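Please read the structure below before turning to the comments.
When a residue number appears, it is its place in the shown sequence, counting from 1. Remember, predicted model here, so these are calculated numbers, not experimental data.
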Amino acid sequence: MNRNKQDKRYTREEIFGRPAPGWLTAIVVIGLLAIVTATLVPLLNKGFDHPWFRYVYAAGAVMVLAGRLFTPYTGIHPRMKRLHRLESWSGVFFCAAAFFMFYDPHSNRDWLAFTLAGGAVQVISTFIATRVANKAFRGE
């Protein structure tokens, strides 16, 4: 689509692209909820020795990564495209954290660091995407 260089306003479809299928969005949301649940279990229950939360976390990480990778960005806004790609990296960080949960099960340092990094990327990209979309609607 050729855009007039003087017109800086974008339409909703140009900014966000076609919406992702509902089932892919549900997979990402369920994966994020699994990650939150599995992260809270060992932090709140000291002395909790059952490893089931590792499997829940790993399943959630794979669901987030798969959901992010199979929802390509279809809009034309360049900054939103970069932010969409950045959200995929949060899934990679969560998968790295799942690896460290199984690699060193007695240490919380590594997997918590990757979980915090993935969560920070997720939150930051969400807030910046909202600001970018508002600016693009206004034509700034």
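Nearest heavy atoms, Leu65 versus Ser88: CD1-O, 4.0 Å. Contact between Ala61 and Ala98 at its shortest, heavy atoms only, is CB-CB, 4.4 Å. Heavy atoms only, all atoms of each residue included: Thr115 and Ala97 are closest at OG1-CB, 3.6 Å. In terms of heavy atoms, Val28 sits closest to Gly67 at CG2-CA, 3.6 Å. When all heavy atoms of Leu32 and Val64 are compared, the pair lying nearest together is N-CG2, 3.6 Å. Closest of all the heavy-atom pairs between Met63 and Ile27 is O-CG2, 3.4 Å.
Summarising the geometry, atom OH belonging to Tyr73 is positioned 5.5 Å from atom CE belonging to Met80; distances are rounded to the nearest 0.5 Å. Atoms CG and CD1, from Leu83 and Ile124 in turn, are 10.5 Å apart once rounded to the nearest 0.5 Å. Annotation: the span from Thr39 atom OG1 to Phe53 atom CZ amounts to 9.5 Å, rounded to 0.5 Å. Here the CZ-CD1 distance, from Phe94 to Ile35, works out to 4.5 Å after rounding to the nearest 0.5 Å. Rounded to the nearest 0.5 angstrom, Gln122 CD and Phe93 CZ are separated by 11.5 Å. In this structure, the separation between OH on Tyr57 and CZ on Phe100 is 11.5 Å, given to the nearest 0.5 Å.
There is no path of hydrophobic side-chain contacts, each under 4.5 Å, that joins Trp23 to Leu33. Note on Trp52 and Met101: same hydrophobic cluster, where clusters join Ile, Leu, Val, Met, Phe, Trp and Tyr whose side-chain heavy atoms are under 4.5 Å apart, directly or indirectly. One hydrophobic cluster, built from ILVMFWY side chains closer than 4.5 Å, cannot hold both Phe99 and Val92; they sit in different ones. Residues Val56 and Ile30 are members of separate hydrophobic clusters, defined by side-chain heavy-atom contacts under 4.5 angstrom among Ile, Leu, Val, Met, Phe, Trp and Tyr. Residues Leu112 and Trp89 do not share a hydrophobic cluster, clusters being chains of Ile/Leu/Val/Met/Phe/Trp/Tyr side chains in contact below 4.5 Å.
Formation of a donor-acceptor pair under 3.5 Å by the His84 side chain with backbone atoms of Thr71 is found in this model. Of the possible donor and acceptor atoms, none in the side chain of Ser90 sits under 3.5 Å from a partner among the backbone N and O of Leu86.
With contacts defined as side-chain heavy-atom distances shorter than 4.5 Å, the pair Ile128/Arg79 qualifies.
The salt bridge (charged side-chain N to carboxylate O under 4.0 Å, His left out) contacts involving residues 60-76 comprise Arg68-Glu87, where partners must be two or more places apart or lie in separate chains.
Taking a 6.0 Å sphere around CZ of Phe102, one finds it holds more than 12 heavy atoms contributed by other residues, nucleotides or ligands.
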